[in-house]
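Naming convention: chains lettered A, B, ... in sequence-line order (proteins, then strands); numbering from 1 in each chain.
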2 protein chains.
Amino acid sequence: MNIGEVAERSGIPPKTIRYYEDIGLVRPQRSGNGYRAFREMDVHKLAFLGRARALGFSIEDCRTLLSLYEDESRESAQVKAIAEEHLTAIDEKITQLQSMRETLSHLIKSCHGDHRPDCPILSDLAGDPTVVRTVSSLANKAAK
Amino acid sequence: MNIGEVAERSGIPPKTIRYYEDIGLVRPQRSGNGYRAFREMDVHKLAFLGRARALGFSIEDCRTLLSLYEDESRESAQVKAIAEEHLTAIDEKITQLQSMRETLSHLIKSCHGDHRPDCPILSDLAGDPTVVRTVSSLANKAAK
DNA sequence: TATTGAGCTTCCAGTCACTGGAAGCCCTAT
DNA sequence: ATAGGGCTTCCAGTGACTGGAAGCTCAATA
């Protein structure tokens, strides 16, 4: 199976599949003409990766999850631990985004948004505490 | 004022301040010894940038916001439009994260997490539809 | 005065997970 | 014979920094 068909069947673009090979996530064989020759197993692996990535797992997490998947003597606790850690990270991101959302929507509501230059959004960003004063209550670091 | 003091007062690390100069967000003067010489205005600008970044605005948005801030003839509608677009993007991210969160927490609940190898999380990632089957309902692309 | 040591400088490389593009080979159909 | 689409590799760019090396400047101390 060539890369194009694999891409279609796994939902992973060719460029990304090559990248995954580069970093050792899949190891397709090669045909005589130098083309990658994928087996069913590879398609399966790539679809696994696609789903794990869609859940937001990092590439390194995906690598670990794949190896656990292939390890018959794994303990489900190992998998669960990774998932729980990731869930915690997701929750933190959500919390941070909601805090930004909160502040930003307040600011937007307070801005009349017309042809005049007066703007509480800019005033707040400039540090003027008389307007809404909520941004500085945010953690200093934005989402990475 | 040297970069260290500015970093402390603006909350932006020296490395980042130099980076912001590189990309033209601030233009500190120079002293005879080659050191950057910051004025109050620069500290103010950097604090502005810090707050805008904390709200999740991109660097390019920050650049625009700064120039609007300095433009006396701006229309607040321009600022509001940028903020609203950003709010929409935040909402989309939150929605996506919540969808991941939902699926992931279901999977975690269904995994006993002990010494045995059976694991619904892995089964689901592997595409087994008999277990929980929620991941594939996620959009194919993870958060950028 | 000589020497620390902190703080400043520039430049290069790495992060994460791809993605785009160029140059060129391979294969099938006309 | 040629055209095209698909495949190959390699290099560079994305966003927003961050780490590290090599080297200069400055203030304080021995």
Side-chain angles (χ1 to χ4, degrees), chain A residues 1-38 42 46 48-66 86 89 93 96 100 139-144, chain B residues 1-38 42 46 49-66 86 89-90 93 96 100 139-144:
Chain A
M1 215 180 327
N2 284 350
I3 201 167
E5 193 187 336
V6 175
E8 198 148 327
R9 288 187 45 200
S10 66
I12 313 288
K15 276 273 182 188
T16 305
I17 296 175
R18 293 194 192 99
Y19 171 68
Y20 285 174
E21 184 187 6
D22 264 8
I23 62 174
L25 284 181
V26 282
R27 301 180 198 284
Q29 302 183 301
R30 294 286 174 147
S31 320
N33 57 12
Y35 285 18
R36 287 168 183 81
F38 296 85
D42 298 310
L46 287 164
F48 182 106
L49 288 168
R51 280 183 287 262
R53 293 288 299 131
L55 277 179
F57 284 105
S58 72
I59 287 287
E60 283 321 303
D61 277 350
C62 288
R63 195 190 297 280
T64 308
L65 290 170
L66 253 188
H86 181 45
K93 270 193 187 165
Q96 190 176 23
M100 287 179 186
N140 232 6
K141 297 279 164 189
K144 65 168 181 173
Chain B
M1 215 182 319
N2 284 350
I3 201 167
E5 193 186 336
V6 175
E8 196 147 330
R9 287 186 46 199
S10 67
I12 312 288
K15 276 273 181 187
T16 304
I17 296 174
R18 293 193 192 101
Y19 171 67
Y20 285 173
E21 184 187 8
D22 264 8
I23 62 174
L25 284 181
V26 281
R27 303 178 198 284
Q29 301 184 303
R30 296 284 175 147
S31 322
N33 57 12
Y35 286 17
R36 287 167 183 81
F38 295 85
D42 297 311
L46 286 165
L49 287 169
R51 280 183 287 262
R53 293 288 298 128
L55 277 179
F57 284 105
S58 72
I59 289 288
E60 282 321 302
D61 277 351
C62 289
R63 196 190 297 279
T64 308
L65 289 170
L66 253 188
H86 181 45
I90 288 177
K93 268 193 189 168
Q96 189 175 23
M100 287 179 186
N140 231 6
K141 297 280 165 190
K144 63 167 186 176

Worksheet item: Closest nucleotide of DNA chain C for Lys15(A) versus for Pro14(B): which of these residues is on the 5' side?
Response: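 Nearest-nucleotide comparison on DNA chain C picks Pro14(B).
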Fill in: Close approaches to DNA chain D from residues 16-24 of chain A, in residue order (heavy atom, under 4.0 Å)
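Per residue number, the list reads Arg18(A).
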Item to complete: Taking only heavy atoms on the protein side, list every residue of residues 28-36 of chain A lying under 4.0 Å from any atom of DNA chain D, sorted numerically.
Response: Arg30(A), Gly34(A), Tyr35(A), Arg36(A)
Response to the item:
Per atom distances to the Ile3(B) side chain, the nearest of dC7(D), dG19(D), dC8(C) is dC8(C)
Worksheet item: Which listed nucleotide (dC8(C), dA17(C), dA16(D)) is nearest to the side chain of Ser58(B)?
Response: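 Closest nucleotide to the Ser58(B) side chain: dA16(D).
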From [atom1] of [X] over to [atom2] of [N], roughly how many Å is that when rounded to an integer?
X        : N       : atom1 : atom2 : answer
Phe57(B) : dG15(D) : CZ    : P     : 17 Å
Ile59(A) : dT19(C) : CD1   : C1'   : 14 Å
Glu5(B)  : dA6(C)  : CD    : C1'   : 15 Å
Glu8(B)  : dA6(C)  : CD    : C1'   : 14 Å

Fill in: side-chain contact (heavy atoms from CB on, under 4.5 Å), paired with Pro14(A), selected from Ile3(A), Asn2(A), Val6(A)
Ile3(A)
Worksheet item: So, does His86(B) use its side chain to make a donor-acceptor pair with the main chain of Asp61(B) at under 3.5 Å?
Response: no
Worksheet item: Between the main-chain N or O of Arg18(B) and the side-chain N or O of Arg36(B), is there a donor-acceptor pair closer than 3.5 Å?
Response: no
Worksheet item: Using the C1' atoms of the five pairs at each end, what is the angle between the end axes of the helix from dT1(C)-dA30(D) to dT30(C)-dA1(D), to 10°?
Response: 40°
Worksheet, complete the sentence: All heavy atoms of Ala37(B) vs all of Asp42(B), minimum pair found to be O-OD2, 4.4 Å
